[in-house]
Every structure is written in structure tokens, then in C-alpha cells.
Amino acid sequence: METSGSSWQGVFPAVTTPFTEDDRVDVPGLHRLVDFLVEGGVDGLIMLGTLGEGSVLSPEEKELVLREALAATDGRVPVLAGVAETTTRAACRFAERAAALGVQGFMALPALLYNALPHETLAHFRALARATELPLMLYNNPVLYGVDVTPEMLAELADEPHIVAVKESSEDVRRITDIRVHTGDRYRLFVGVDDLVLEGVAAGADGWVAGLTNAFPRESVALFRLAREGRLDEARRLYRWFMPLLHLDASPQLVQHIKLAQALVGVGSEHVRLPRQPLQGERRRAVEALIRKALDTHAEIEDLL
């Protein structure tokens with residue numbers, strides 16, 4: 001398997017972490033989910049991100065998730081570990097432990113709980129890139145985490161050989177072009193917002209770090225490939241069916257939304273870990289109705305899959 005990161009492209013779901021009713025990591029459920037995603041055609045897996053509820057897992061649970069994901073994947077696609085720690089030192093130590101388990105790379109956030117200044121953010125990513133020999137995808141999400149890694153900053157980081165890709169989640173699709181202007185083809189660029197994927201691919205993105213793929217892998221892979229191949233009439237048709245679901249990713253309740261979708265398609269449960277709670281009341285009814293409508297109209301797009 002390619003481990004340098006130079007071949008990273010396509011659909012990399014940010015994988016949810018299944019839990020049992022008594023709030024433990026559901027290892028058999030994780031194996032079923034990995035098989036479902038890989039058999040659905042995804043190109044890689046990202047564990048322990050926001051969707052993976054990495055922030056509420058203990059260090060031992062994080063290592064368990066990575067070990068079991070690697071075992072379930074069995075080399076079929078690369079497995080990346082999300083790195084989201086409160087300090088740079090902790091991020092580097094976690095990366096070292098994850099590398100020892102056998103992951104093929106990382107998706108790394110700025111240090112959490114502190115809105116770092118640009119030079120501090122650069123220092124964080126440089127330290128992390130030098131703590132491991134594995135490739136690293138830098139995750140930019142100023143909307144959620146308050147730190148913006150600008151195209152100019154990415155140009156400064158271009159001399160770090162282990163930083164090979166960027167997940168761009170600023171919700172400004174113009175960033176894909178701006179990054180290309182400042183850095184050329186230096187990085188693999190991934191769209192990080194589900195409901196901007198077609199626009200991002202049209203602007204030149206290489207991949208998609210996807211959320212709804214957890215419940216709809218075949219549909220996600222088909223949409224991405226149609227877009228990359230320039231088959232825009234077919235891509236638009238699939239995108240219009242998919243868009244109400246993709247909007248569910250762009251919400252503070254994205255974990256609950258996507259786990260509900262997984263439950264309704266039969267590949268998981270709604271169990272989340274506190275402080276999150278499953279959707280309730282009118283919001284739950286509205287989201288469930290939206291998902292069921294997509295399932296009821298699925299025949300309209302099956303020829304595209």
C-alpha cells in the first residue's frame with residue numbers, strides 16, 4: 001500500500017465510532033462499519049475526527065479504535081488517525097503512539113482550546129510534522145475551531161515534506177483556488193464540507209473528507225467520481241438528490257445527524273457519548289423524515305451508482 005500520502009485522493013470518510021448501549025466502544029460494530037465503507041468503494045478512512053467523537057474517548061479507547069480499524073481494513077485502504085489534542089506536546093506523543101500501531105498517516109488540527117496566532121499555528125504543525133515519518137493531512141476548520149490556516153500560511157509550510165494534504169473546511173469554496181494560486185500542486189486538497197463537494201471538485205480538489213458517506217458510501221463515491229470525470233449532468237442529478245442529506249454535515253449536531261442516518265440504513269445506532277445526546281422531539285422527526293424521503297426516492301439515482 002502507498003504510505004507516502006502522494007496517492008491520497010478520492011473519498012475518505014471521517015468515520016463514526018460505534019458505541020454499545022452501555023457506552024463502550026462497539027468493536028463488532030466498528031468492524032461491520034469498516035467493511036460497509038470499504039466495500040462501498042471508499043479510498044481511505046479517517047478515524048477519531050470530530051465525527052469519530054475522538055474528544056470524548058480515553059487514550060486507551062483511541063488506541064482500541066485504531067487497532068480494530070486497522071484489523072478490519074486489513075490493508076485494503078489507508079487508515080489515518082485524527083490528531084486533536086489540547087497541546088502540541090500531547091499531539092506529538094499521540095502521533096508517535098498511533099504510528100506504532102500501524103496507521104498510514106494523520107489528519108491534524110491546531111491545538112484545541114486556544115485560538116493560536118498564525119506563527120503559533122505554524123510552529124504547532126511544524127513540530128507535529130517532525131514528530132513522525134508518516135504523511136500528514138492538515139485540517140483547516142476556522143468555523144468550528146477558531147484558527148484559520150490561510151493559503152499564505154500553507155505556502156510557508158510547503159518546506160515540511162511530511163505535510164502532504166489539506167482538508168479545507170472554511171466553507172469558502174474559493175479557498176481551493178486560492179491555495180492552488182499560492183502553492184500550485186504542492187498539496188493534495190480535500191473538500192471538508194459535504195455540501196460543497198461538487199463545487200470543490202470543480203475548483204480542483206483531489207478528494208473529499210466526507211460525513212454522510214458513513215451511511216451512503218456508494219452514493220458518495222459515485223458523486224465524487226462523476227464530478228472528477230466531468231460528467232456534470234449526471235453529477236448534478238445525483239447531487240440534487242443528495243444535497244438535503246449533505247446539509248446535515250454542516251451543523252453542530254452533525255454527529256447525531258449522521259448516526260441517525262446510519263441507524264436508519266441499518267449500519268449503526270444512534271448512541272453518542274455525553275455531552276452529546278441523540279436528537280429529540282421535532283428536530284429528530286424532521287431529520288428522520290428527510291432521510292426517509294431520500295431512501296424512498298433512491299430508485300431515481302440508482303442508475304448512477
Side-chain angles (χ1 to χ4, degrees), residues 1-2 5-15 35-46 51 76-78 80 137 164-181 183-250 254 257-258 261-262 265 267 290-305:
M1 183 196 304
E2 168 63 51
S6 61
S7 67
W8 290 353
Q9 61 182 325
V11 180
F12 281 50
V15 182
D35 281 338
F36 174 68
L37 294 171
V38 175
E39 291 170 6
V42 303
D43 301 284
L45 303 175
I46 300 176
L51 271 173
R76 290 177 288 175
V77 297
L80 280 61
M137 178 188 296
V164 302
V166 178
K167 176 187 175 184
E168 173 48 49
S169 300
S170 67
E171 297 187 358
D172 182 356
V173 73
R174 295 170 296 186
R175 277 293 183 89
I176 299 295
T177 301
D178 286 337
I179 293 170
R180 291 293 189 214
V181 168
T183 67
D185 293 327
R186 167 62 180 81
Y187 299 107
R188 292 281 183 166
L189 299 186
F190 283 70
V191 178
V193 182
D194 275 9
D195 54 5
L196 283 175
V197 61
L198 183 57
E199 294 84 351
V201 173
D206 303 293
W208 174 20
V209 177
L212 269 297
T213 303
N214 281 280
F216 297 93
R218 292 172 60 243
E219 296 80 356
S220 300
V221 170
L223 175 59
F224 183 83
R225 291 180 179 169
L226 288 170
R228 281 296 296 272
E229 293 168 8
R231 297 164 61 184
L232 293 183
D233 286 343
E234 295 159 288
R236 282 191 289 261
R237 179 178 154 209
L238 180 51
Y239 202 33
R240 289 166 185 167
W241 171 86
F242 214 171
M243 184 59 84
L245 298 175
L246 299 178
H247 285 322
L248 297 176
D249 179 68
L254 76 164
H257 290 164
I258 290 169
Q262 288 180 294
V265 302
V267 292
L290 186 154
I291 297 166
R292 290 194 183 281
K293 180 179 179 181
L295 294 174
D296 289 343
T297 58
H298 195 273
E300 297 175 6
I301 51 92
E302 286 175 350
D303 62 305
L304 301 174
L305 307 182

message: Run the salt bridge (charged side-chain N to carboxylate O under 4.0 Å, His left out) test against D296 and tell me which residues pass, sequence neighbours left out.
response: none
Side-chain heavy-atom pair D185, R180 within 4.5 angstrom cut-off: yes
- line: Rounded to the nearest 0.5 Å, the CD atom of E168 sits from the CG atom of D178 at a distance of 9.5 Å
task: For residues F224 and V11, report the shortest heavy-atom separation together with the two atoms involved.
output: CB-CG2, 3.6 Å
field: Which residues share a side-chain hydrogen bond (donor to acceptor under 3.5 Å, both in side chains) with T183, sequence neighbours left out
entry: none
- line: In short, L223 meets L238 closest at the heavy-atom pair N-CD2, 3.4 Å
message: To the closest 0.5 Å, what do you measure between CG (L189) and CD1 (I179)?
response: 5.0 Å
For E229, all residues meeting side-chain hydrogen bond (donor to acceptor under 3.5 Å, both in side chains), sequence neighbours excluded: R231
Minimum heavy-atom distance between D43 and G10, given as atom pair plus value: OD2-CA, 3.3 Å
query: Does atom CZ of R174 have more than 12 heavy-atom neighbours from other groups under 6.0 Å away?
result: no
Nearest non-hydrogen partners of A235 and A227, listed with the distance: CB-N, 4.1 Å
- prompt: Would you say K293 and L245 make side-chain contact, with heavy atoms under 4.5 Å?
  reply: no
field: Heavy-atom closest pair, residues V221 and G40
entry: CG2-O, 3.7 Å
- prompt: With no hydrogens and no angle check, do the side chains of D194 and W208 hold a donor and an acceptor under 3.5 Å apart?
  reply: yes
statement: Closest heavy-atom pair, T177 versus A203, reported as atoms and distance to 0.1 Å, is OG1-CB, 3.9 Å
- prompt: Hey, are the side chains of F12 and V42 touching, using non-hydrogen atoms and a 4.5 Å cut-off?
  reply: no
message: Could you tell me if the side chain of D249 sits less than 4.5 Å from the side chain of D195, heavy atoms only?
response: no
task: For R228 and D206, indicate whether the former's side chain and the latter's backbone hold a donor-acceptor pair under 3.5 Å.
output: yes
query: Would you say the side chains of S7 and Q9 form a donor-acceptor pair under 3.5 Å?
result: no
- request: Applying salt bridge (charged side-chain N to carboxylate O under 4.0 Å, His left out), name anything that partners E199, two or more places apart in sequence or on another chain.
  value: none
message: Quick check: do F242 and I301 have side-chain heavy atoms less than 4.5 Å from each other?
response: no
task: Would you indicate whether the side-chain heavy atoms of Y239 and V197 approach each other to under 4.5 Å?
output: yes
statement: CE (M243) and CG (L248) are apart, to the nearest 0.5 Å, by 11.5 Å
Indicate every side-chain donor-acceptor pair of residues 209-220 with a distance under 3.5 Å to a residue at least two apart or in another chain.
from: T213; atom 1: OG1; to: S220; atom 2: OG; distance (Å): 2.8
from: N214; atom 1: OD1; to: T16; atom 2: N; distance (Å): 3.1
from: N214; atom 1: ND2; to: A14; atom 2: O; distance (Å): 3.0
from: N214; atom 1: ND2; to: G211; atom 2: O; distance (Å): 2.8
from: E219; atom 1: OE2; to: H298; atom 2: NE2; distance (Å): 2.5
from: S220; atom 1: OG; to: F216; atom 2: O; distance (Å): 2.8

query: Taking atom CH2 of W8 and atom CE of M137, what is their separation to the nearest 0.5 Å?
result: 5.5 Å
task: List in chain and number order the residues that pass side-chain hydrogen bond (donor to acceptor under 3.5 Å, both in side chains) with R237, two or more places apart in sequence or in another chain; answer none if no residue qualifies.
output: D303
